[in-house]
Amino acid sequence: MTPSSSTPASNFWQLHPQVQQWIWAQQWPALREIQELAIPPILAGDRDVIVTAATAQGKTEAAFLPICSRLVDQPHTGANTGVQVIGIGPLKALINDQNRRLSALGDSLGITVCPWHGDIDSGRKKRFLQQPSGVLLITPESLEALFVLRGSQLPQLFASLAYIVIDEMHSFIGLERGRQLQSLMHRVDGLVERRIPRIGLSATLGDMSLAADFLRPGAGEAVQLVQSFAKGDPLKLQLRGYRQAAEDSDSIDQEAGPGPEAIAIADHLFAQLRGDKNLVFINSRQQVEQYADILRQLATDHGVPNEFLPHHGSLSKGLRAEAETALKGDAPITVICTMTLEMGIDVGAVQSIAQIGSPSSVASTRQRLGRSGRRPGEPAVLRVYVTVPAMTPFTSPVDALYPDLVQGMAILNLLLEGWYEPPIVGQLHLSTLIHQLLSQIAQQGGMRAEQSWRHFCEQGPFAEVDQTLFAKLLRCLGDRDLIQQSQDGLLLLGLTGERLVNHYSFYTAFSTTEEYRLTTAGQSLGTLPTTMPILPEMGLIFAGRRWLVESVDSDQQVIEVSPAQMDGQAPSFGGSSAFVHDRIRQTMLAIYRGTDIPAYLEAKAQQLLQEARTHFADCGLDQGYLVPEEEQVLLFPWRGSLVMNTLLVLLLDNGLKASLEGVALKVKGVSPEELQAALQALLPLGPANPLRLAGTVRNKRSEKYDWVLSEELLCHNYAARFFDAQATWQTLLELLGKDPRI
DNA sequence: GACCTGCTGCGGCGTG
């Protein structure tokens, strides 16, 4: 908002004169709508606020212009006032980026901005603690470390705290890390004995009331919502279809290598993206490596410099920095990545986004698209490349429906509608409660059982845990020697608990697997999970290059490689699939039933959609939900991961040989009539008892401290996370209300 | 067939 274009009514004039001057100096044509709207509620400094607007609308500034206005007005701003704002970010790279942007503003106002995470050197941290003031930009893990290691200093450090800002809030909601963050904010409020206003920032919140409940558990209705409906950049979408080549019976050995369709996709990328800046998102690290390898090979074949670099979570910091720096430079570059470049990291102006394989959520697709279209007047460009199985023979009717193609379409359709997945709520997060209990005991030196239940459950974010469940949890902690009780009833850390808390791996709420470090000539390339068999003399594709494995040191967990032009495979990094929401599957069903041909489908994809619709009708799925095969029946409920998982366990519990087959459930050894009768028999029982159902599942451990839980508590935790008995019963009612098949 | 995130203190060594 420059003086010439600001109206007398503009909120711009409420900002501190020094902040106004800084804005003029930036020569912005005007404040964005979201920046105008956010000024009054944040300046008030007495309430929680959610700021939501499309990507690249300047949400960070929307929060910090009024925040800094208020800080400048405070009489004691300057050295030694203590931290006035805690800014929490999900990624180190994001914190570095925010630090760069906010330091410029802070410098002109005399407000210190300090980034704090694992890569910041300890000298800088020490200096900050000697003269704390201004804005502290920090990860949840580093804040956790402050609680454990400097618990006694914190009341003073945070005495002048005025705001907590959460950047990319959607990336926390519903996860262990999100519950940890809620707990940490609650513990900050407890330290200073005040309610510190919380400011949440995000572009992709699917459900505002759930987001508000996340920001202030139990009091979400009082959170003020600041929302801009200003359109982001115009969109240009294309979905391209590719068919896998028919399996050549002589080439079974080559199954791990890229097929001709991957080569065709790479050819298209090579032709379209070279000479400009782009991001290519792929759903697995293994495929990132495969495509980086093919594209490097193409550059060699054409005798041109390679413009394609890989970027994923298992690459070393140095190699990732190389790709990020290249993106910020002037030369053309395309980075092939997983979700590592999905969020706010400023990668400069990117011409287009490519996505290989259907994405699994609308929200992450929106985030990825937000990386593009930052050049004035240019649209955001997204090309989605989907592969369908070879026509003859289909190994399963599920394949013939081309579910990847139709899921990709469903996600694009929902994206165009402006819908995003709401967070999954109602989880117990017992693993994270254990984590926070240990941390709080370490911070205070000891704690009473009654007091800790009140703090974490009655008044804090673990509201789903009642006193009975909490008492059982404490007993599990005692049994494993994580805690012990002193004679006067104080909870103290046990020997095992001490050992856990005193190791640096304690600060994360999520679990990680052990990994080998991959090095060449003393330089780190990245990491591989220890589950992957690696032998000397093997060829390996990593960091988009080809290597020969020289040695494997299983004590030090180091693999030494040397450059070599030889055949090799991109490694498998493991991992589990993402949750798919009900609405995506329901939209897929509508697409199969419809006749509409969206404009974003390229010619080949249009033809494949017609085939998918024909196969859909040929199976009888336009009328029913069961497809009989030899010796087995496929069940298509068209629901998301939670219902599919519940239904699967429910069928298994009823003695049926069920398994998950992509978007369907496969049941062996029954006729359609028998399966329908079995489903019919479930109806009078009402929604299944999730606790009892969880008892039939064997591998229930998935979170960091699940190993501490008794079978009973593990069932509680699993049922809350992986089952939706109510929605599953609803699904059965709807399915059985109609003809199962022709 | 399958995502990602994050982490302290201190000893040892080399350099200015």
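Values below: every heavy atom of this structure, side chains too, minus hydrogens, waters and symmetry copies. Below, chains carry the letters A, B, ... as their sequence lines are ordered, and counting in each starts from 1.
The NE2-P distance, from H435(A) to dG6(B), rounds to 15 Å in whole Å. What separates CD1 of I95(A) from P of dT5(B) is a distance of 14 Å, to the nearest Å. To the nearest angstrom, C1' of dG6(B) lies 13 Å from CE of M339(A). For the pair K704(A) NZ and dC4(B) C1', the computed distance is 16 Å after rounding to whole Å. Distance, E261(A) CD to dG1(B) P: 13 Å, rounded to whole Å. Rounded to an integer number of Å, the gap from CZ of F128(A) to P of dT8(B) is 15 Å. Atom-to-atom, CD of Q290(A) to P of dG1(B) comes out at 12 Å; the value is rounded to the nearest Å.
Closest to the S284(A) side chain, of the nucleotides dA2(B), dG6(B), dT8(B), is dA2(B). With dC7(B), dT5(B), dT8(B) as the choices, the nucleotide that has an atom nearest any side-chain atom of R177(A) turns out to be dT5(B). The side chain of R320(A) has dT5(B) as its nearest neighbour among dG6(B), dA2(B), dT5(B). The nucleotide whose nearest atom lies closest to any side-chain atom of T340(A) is, among dC7(B), dA2(B), dC4(B), dC4(B). Of the candidate nucleotides dG6(B), dC4(B), dC7(B), dG6(B) has the atom nearest to the side chain of F510(A). Here dA2(B) is the nucleotide among dA2(B), dC4(B), dG6(B) with the atom lying nearest to any side-chain atom of Q287(A). Ranking dG6(B), dA2(B), dC4(B) by closeness to the Q286(A) side chain, first place goes to dA2(B).
With F462(A) as the aromatic partner, R179(A) meets the cation-pi criteria of under 6.0 angstrom to the ring centre and within 45 degrees of the ring axis.
Residue-level contact check: S505(A) touches the bases, meaning some heavy atom is under 4.0 Å from a base atom. Residue contacts for L175(A): at a heavy-atom cut-off of 4.0 Å it reaches no nucleic acid atom on any strand shown. Heavy atoms of H503(A) sit nowhere under 4.0 angstrom from any nucleic acid atom.
Of the two residues contacting DNA chain B, namely K125(A) and H312(A), the nearest-nucleotide position lying further toward the 5' end is that of H312(A). Positionally, the nearest nucleotide of DNA chain B for R368(A) lies more toward the 5' end than for the other of R368(A) and S122(A).
For K704(A) (side chain) and T512(A) (main-chain N/O), no donor-acceptor pair under 3.5 Å exists by modelled atom type. A donor-acceptor pair under 3.5 Å links the side-chain atoms of T646(A) to the main chain of L642(A), judged by distance alone.
Considering E144(A), Q182(A), H186(A) in turn, E144(A) is the only one that fulfils the side chain to side chain donor-acceptor pair (under 3.5 Å) rule with Q436(A).
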Run the ring pair (Phe, Tyr, Trp, His ring centres under 6.0 Å) check on F506(A) and H435(A) step by step: do they pass?
CA-CA 8 Å; F506(A) 175 73; H435(A) 183 246; 4.5 Å; yes

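Side-chain nitrogen and oxygen atoms of R285(A) include at least one within less than 4.0 Å of the OP1 or OP2 phosphate oxygen of dC4(B). Contact annotation: T508(A) side-chain N/O to dC7(B) OP1/OP2 distance is not under 4.0 Å. Contact annotation: S142(A) reaches the phosphate of dT8(B) (side-chain N/O to OP1 or OP2, under 4.0 Å).
With 3.5 Å as the limit, one finds no donor-acceptor pair spanning the side chains of H429(A) and N717(A).
Remark: ring of Y504(A) overlaps the six-membered base ring of dT8(B) in a stacked fashion, centroids less than 5.5 Å apart, planes less than 30° apart.
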